[in-house]
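Structure first, commentary second.
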Amino acid sequence: MSAIWPVQQAIYARLTSDAQLMALIDGVYDEVPEARDRPYIAFAEITEKDDSTHDRRGFEVMVTLNIWSAYRGFGQIGQVLAEVDRVLHRVQLDVDGWHLISIARQPAPMQSAGVRRVAAPDIRQGQARFRVWVTEPQ
């Protein structure tokens with residue numbers, strides 16, 4: 001049993017249901033369709049580590065979100081990152097089939113968010129990482 005898909009679905013639902021965030025972006029994608037307008041958010045990586053106890057199954061799920069922008073500069077992605085943080089950091093998240101312990105931006109010293117230039121001069125990539133802890137419900 002894996003928590004990856006239920007966690008991804010819960011994060012997708014939370015992001016796409018927030019009108020303030022969705023007003024800033026074209027969409028949230030698992031697989032980005034061709035010719036999408038930027039900015040948008042894409043799931044970049046999801047990993048899980050077993051965090052079970054002797055009597056209950058549990059996982060630590062790491063979710064990396066990429067924000068893609070055609071804005072020349074870091075301002076647009078910075079604004080989207082702030083909204084993603086507002087929507088996801090330390091909130092109650094409904095994860096189907098699991099009990100949420102916590103969702104939090106990955107703390108320092110590991111990088112939790114950032115913006116960088118990529119090979120194309122008119123593209124910027126932002127990245128945010130969240131750690132999600134879930135256990136089987138009792």
Side-chain angles (χ1 to χ4, degrees):
M1 178 192 304
S2 170
I4 288 176
W5 180 239
V7 166
Q8 182 178 349
Q9 289 177 308
I11 288 174
Y12 176 86
R14 180 83 181 185
L15 291 171
T16 58
S17 68
D18 189 86
Q20 208 170 315
L21 173 63
M22 294 307 292
L24 296 175
I25 62 173
D26 181 61
V28 178
Y29 302 103
D30 181 3
E31 185 67 29
V32 181
E34 292 290 323
R36 290 315 311 163
D37 289 333
R38 293 180 187 91
Y40 61 81
I41 297 172
F43 285 89
E45 182 178 45
I46 305 174
T47 60
E48 70 183 0
K49 182 176 84 174
D50 189 286
D51 197 30
S52 299
T53 62
H54 69 282
D55 65 344
R56 198 164 10 156
R57 190 97 201 225
F59 290 101
E60 175 188 310
V61 182
M62 293 298 300
V63 179
T64 303
L65 301 171
N66 282 342
I67 297 94
W68 295 95
S69 172
Y71 179 82
R72 287 186 173 247
F74 293 162
Q76 186 179 56
I77 287 183
Q79 187 179 11
V80 174
L81 283 169
E83 288 300 307
V84 168
D85 191 59
R86 177 187 62 78
V87 172
L88 293 178
H89 184 63
R90 301 211 184 275
V91 298
Q92 186 56 42
L93 196 63
D94 294 322
V95 181
D96 188 39
W98 296 90
H99 169 72
L100 177 76
I101 296 171
S102 176
I103 178 172
R105 187 177 4 89
Q106 186 174 335
M110 304 192 76
Q111 179 185 4
S112 60
V115 183
R116 68 185 183 106
R117 290 177 174 84
V118 295
D122 61 339
I123 304 295
R124 301 293 181 268
Q125 177 193 17
Q127 195 167 75
R129 291 187 181 97
F130 289 85
R131 183 174 284 154
V132 183
W133 288 276
V134 294
T135 62
E136 287 178 321
Q138 287 186 330

To the nearest 0.5 Å, what is the distance between CG on Asp30 and CD1 on Ile41? 13.5 Å

According to side-chain hydrogen bond (donor to acceptor under 3.5 Å, both in side chains), who are the partners of Arg86, at least two apart in sequence or on a separate chain? Asp18, Glu83

Check whether any side-chain heavy atom of Val63 sits under 4.5 Å from a side-chain heavy atom of Thr47, and report yes or no. no

CD/Gln106 to NE2/His89 distance, rounded to the nearest 0.5 angstrom? 12.0 Å

Can you measure from CZ (Arg38) to CD (Gln76) and round to the nearest 0.5 angstrom? 10.5 Å

Partners passing side-chain contact (heavy atoms from CB on, under 4.5 Å) against Arg57 (at least two apart in sequence or in another chain): Asp50, Ser52, Phe59, Trp98, Glu136

For Ile103 and Leu93 the tightest heavy-atom approach is CD1-CD2, 3.9 Å

Residue list, salt bridge (Lys or Arg N to Asp or Glu O under 4.0 Å) with Glu60, at least two apart or on another chain: Lys49, Arg131

Mind checking salt bridge (Lys or Arg N to Asp or Glu O under 4.0 Å) for Asp85 and listing every partner two or more places apart, or none if nothing turns up? Arg105

Within this structure, what is the OG-CG distance for the pair Ser69 and Asp37, rounded to the nearest 0.5 Å? 11.5 Å

Using the salt bridge (charged side-chain N to carboxylate O under 4.0 Å, His left out) rule, collect all pairs that involve residues 92-102, keeping only residues at least two apart or in two chains. none

Compare all side-chain heavy atoms of Leu65 with those of Gln127 and state whether any distance is below 4.5 angstrom. no

Sorted by chain and residue number, the side-chain contact (heavy atoms from CB on, under 4.5 Å) partners of Ala44 (sequence neighbours excluded) come out as Thr64, Asn66

Quick one: does Leu100's side chain get under 4.5 Å of Trp133's, heavy atoms only? no

Between Val132 and Trp5, is there shared hydrophobic-cluster membership here, with clusters defined by ILVMFWY side-chain heavy atoms closer than 4.5 Å? no

Measuring from Gln125:CD to Phe74:CZ, what's the distance to the nearest 0.5 Å? 11.0 Å

Roughly how far, to the nearest 0.5 Å, is CD1 of Ile123 from OH of Tyr71? 14.5 Å

Got more than 12 heavy atoms from elsewhere within 6.0 Å of CZ, Phe43? yes

Go through the structure and list residues passing side-chain contact (heavy atoms from CB on, under 4.5 Å) with His99, not counting sequence neighbours. Ile101, Thr135

Just to verify, what does Asp55 make a side-chain hydrogen bond (donor to acceptor under 3.5 Å, both in side chains) with, not counting sequence neighbours? Thr53

Which pairs would a plain distance check flag for residues 21-28, meaning a side-chain donor or acceptor within less than 3.5 Å of a matching protein atom at least two apart in sequence or in another chain?
{"from": "Asp26", "atom 1": "OD2", "to": "Tyr29", "atom 2": "OH", "distance (Å)": "3.0"}
{"from": "Asp26", "atom 1": "OD2", "to": "Arg36", "atom 2": "NE", "distance (Å)": "2.9"}
{"from": "Asp26", "atom 1": "OD2", "to": "Arg36", "atom 2": "NH2", "distance (Å)": "2.9"}

side-chain hydrogen bond (donor to acceptor under 3.5 Å, both in side chains) involving Gln79 - partner list, sequence neighbours excluded: none

Counting C-beta onward and ignoring hydrogens, is there a side-chain heavy-atom pair between Met62 and Ile46 closer than 4.5 Å? no

Test side-chain contact (heavy atoms from CB on, under 4.5 Å) applied to Ser17 - qualifying residues, sequence neighbours left out: none

